[in-house]
Amino acid sequence: GRGAVCCDRQLEMAAIISSMNPSVNSKEDSEEVGGLQQMMLWHLYDTNTLQRYPMGLANLADLEEISPTSIPGHPTAEDLLYESITSSCSRYDNLMVYPHSMLAGFLYRQGRHAEALQSWINAASVLSRYSYSQEDEEVFKEVYEVVHDFLPVMFRKDSTSADPVPLSKPVSFAQFLLLFDFICKWEEGSRTSVFHNSWASRFCSAASLFSADVRSDVSKVHFPMLDIASVQEQSGSKRTPDAGTPSVMHNTPNESNTSESVDESQQEPASHAEKIASQPTCIPGRPHWYKENPFQLTSRKMQGVLNVLTSPKINTSALKLQLTAQPFLATKRSSTDQGRNAKTSRRSRNST
């Protein structure tokens with residue numbers, strides 16, 4: 001399959017260098033080892049080797065964020081993360097989680113919370129193609145950290161973020177549900193639960209921040225989702241002028257800018273459903289990678305609780321009971337068996 005990394009000598013070298021661990025202890029890194037690793041990864045990048053190894057690109061981005069080299073002609077940390085996703089989509093059918101989750105962590109640390117949320121949805125979408133197993137400890141820790149530490153910060157009515165998650169918009173509630181929908185899909189087919197009591201509590205707390213009107217309108221929402229084919233079509237191109245800049249996409253992404261000059265007084269008033277569908281969504285800085293999709297849940301758990309979530313008042317007891325039920329067993333491949341790339345970054349850098 002396309003999910004396996006088929007190594008030659010160059011990729012073996014990239015994997016070895018990428019897996020170097022500069023950590024002296026849990027709180028301190030060796031600057032000398034980190035600098036040496038960064039220098040060697042740049043050499044692999046300049047010889048067009050690292051472009052074939054998504055995690056190598058992501059780890060180089062990790063190092064560049066900590067200590068930028070600012071070499072003329074070299075991409076920034078953010079650009080490297082997008083290259084990592086491009087490589088994963090074009091070479092490995094988007095079967096690697098960490099390029100997306102590491103971009104999300106980067107955006108979160110930049111205070112770009114709405115963009116970070118979309119990137120975590122992209123990461124969870126990859127996870128949903130697998131079944132959770134006890135060998136997935138590292139990625140489980142990352143997802144746990146997102147749910148328990150980062151979401152409570154992003155979903156705050158008094159957020160001071162430069163790019164907050166707008167709690168007054170149904171599209172934000174749709175994204176929130178979709179993130180957990182993919183996590184529940186990951187849980188399906190597994191003999192081990194992901195959604196424990198603490199997860200359900202965090203979920204209920206965040207869901208209650210959205211008003212009844214916002215929750216009831218979620219089924220009318222259209223929002224952008226990463227389209228692998230679009231990324232693959234762009235994989236051979238250089239950076240575009242809009243690369244790396246946050247963008248706002250509407251329900252009609254291909255609409256010409258000339259539409260802004262139309263006299264609004266001559267237009268027909270939009271219906272409530274049309275207004276809901278056209279609400280802007282802030283997405284990470286590659287707008288041409290995304291296509292609009294209607295709201296749809298795929299996991300059995302989230303489909304089962306949707307009526308509870310869209311009711312005027314959320315019954316948290318019933319919601320927690322359904323969310324913590326044992327996963328539905330089904331035949332779905334194991335993420336470990338499919339060779340999902342293990343994280344080689346020296347440590348998690350999502351925390352602020």
Side-chain angles (χ1 to χ4, degrees), residues 85 94 97-108 112-130 132 136 139-156 159 161 163-167 169-188 193-196 198-210 214-215 218-219 221-226 279 281-284 290 292-306 308-310 314 319-320 322-324 327 335 350:
I85 294 172
N94 195 33
V97 177
Y98 290 112
H100 297 289
S101 65
M102 291 179 75
L103 174 61
F106 173 87
L107 295 170
Y108 178 85
R112 294 154 64 179
H113 290 172
E115 291 182 79
L117 175 60
Q118 183 61 55
S119 289
W120 269 313
I121 290 172
N122 295 340
S125 174
V126 176
L127 282 179
S128 71
R129 300 168 69 179
Y130 299 102
Y132 171 66
D136 293 331
V139 70
F140 177 85
K141 287 179 180 178
E142 290 236 348
V143 178
Y144 182 95
E145 191 175 27
V146 171
V147 171
H148 289 75
D149 297 338
F150 302 148
L151 285 187
V153 174
M154 293 192 293
F155 286 85
R156 289 176 56 179
S159 174
S161 165
D163 175 32
V165 176
L167 300 178
K169 296 183 181 298
V171 68
S172 297
F173 187 57
Q175 289 178 298
F176 165 73
L177 294 183
L178 198 62
L179 174 64
F180 282 93
D181 181 54
F182 286 137
I183 294 173
C184 289
K185 194 70 176 178
W186 180 41
E187 185 187 54
E188 284 184 14
S193 295
V194 172
F195 238 100
H196 300 290
S198 62
W199 294 64
S201 297
R202 289 291 194 279
F203 179 90
C204 292
S205 297
S208 64
L209 295 174
F210 295 92
V214 169
R215 289 186 281 106
V218 70
S219 62
V221 166
H222 285 69
F223 56 91
M225 281 294 295
L226 186 72
Q279 287 184 343
T281 306
C282 193
I283 62 173
Y290 288 79
E292 291 289 324
N293 291 272
F295 175 73
Q296 183 178 9
L297 299 175
T298 58
S299 71
R300 297 183 185 181
K301 271 192 179 181
M302 293 305 295
Q303 288 174 344
V305 301
L306 184 58
V308 178
L309 291 166
T310 54
I314 297 177
L319 191 56
K320 288 181 180 179
Q322 289 181 261
L323 289 173
T324 54
S335 55
N350 288 338

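As the structure is a computational prediction, the values presented were derived from the model and not from experiment.
Ring-plane geometry between F176 and F203 is classed as parallel, the angle between the planes falling under 30 degrees on a 0 to 90 degree scale with a further cut at 60. Using the six-membered ring where Trp is involved, W199 and H148 have ring planes that are perpendicular, over 60° apart on the 30 and 60° scheme.
Under the side chain to side chain donor-acceptor pair (under 3.5 Å) criterion, S205 pairs with no residue, sequence neighbours left out. Applying the side-chain contact (heavy atoms from CB on, under 4.5 Å) criterion to Q322, with sequence neighbours excluded, gives V305, V308. Scanning for side-chain contact (heavy atoms from CB on, under 4.5 Å) contacts around T324 gives N197, A200, with sequence neighbours left out.
Ring centers of Y108 and H113: under 6.0 Å apart, within the cut-off.
Between S193 and Y132, the shortest heavy-atom contact is O-CE2, 4.0 Å. When every heavy atom of L177 is checked against every heavy atom of V218, the shortest pair comes out as CD1-CG2, 4.3 Å. For the pair L319 and C204, the tightest heavy-atom approach, listed with the atom from each and the gap, is CD2-SG, 3.6 Å. Residues A124 and I183 share a closest heavy-atom pair of CB-CG1, 4.5 Å. The heavy-atom pair separating A104 from A116 by the smallest distance is O-CB, 3.5 Å. Closest heavy-atom contact between L178 and F223: CD2-CE1, 3.3 Å.
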* Going through the distances and angles, do V147 and F180 end up as a side chain to side chain contact (heavy atoms under 4.5 Å, CB included)? -> CA-CA 9 Å; V147 171; F180 282 93; 4.1 Å; yes
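Under a 3.5 Å cut-off, the side chain of Y98 and the backbone N or O of V139 do form a donor-acceptor pair. Counting only distance, with no hydrogens or angles, the side chain of R215 and the backbone of F210 share a donor-acceptor pair below 3.5 Å. Without hydrogens or angle criteria, K301 side chain to L323 main chain gives a donor-acceptor distance under 3.5 Å. No side-chain donor-acceptor contact under 3.5 Å links R300 to the backbone of E188. A donor-acceptor pair under 3.5 Å links the side-chain atoms of S299 to the main chain of M302, judged by distance alone. Under the 3.5 Å distance criterion, the side-chain polar atoms of E187 are matched with a main-chain donor or acceptor of F195.
Atom CG of L167 is separated from atom CZ of R156 by 11.0 Å, given to the nearest 0.5 angstrom. The line from CD of Q175 to CZ of F295 is 11.0 Å long, rounded to the nearest 0.5 Å. K141 contributes atom NZ, which lies 12.5 Å from atom CG of D136 (distance to the nearest 0.5 angstrom). Interatomic distance, CD1 of I121 versus OG of S128, reported as 12.0 Å (0.5 Å rounding). Annotation: the span from L103 atom CG to I85 atom CD1 amounts to 4.5 Å, rounded to 0.5 Å. Note that OG of S208 is 11.0 Å distant from CG of L309, once rounded to the nearest 0.5 Å.
Side-chain contact between T298 and D181 is present, with heavy atoms from C-beta onward closer than 4.5 Å. At a threshold of 4.5 Å between non-hydrogen side-chain atoms, the residues H100 and N94 count as touching. At a threshold of 4.5 Å between non-hydrogen side-chain atoms, the residues N122 and Q118 count as touching.
Applying the ring-ring contact (aromatic ring centres under 6.0 Å, His included) test between W120 and each of F150, F106, F182 identifies F150 as the sole match.
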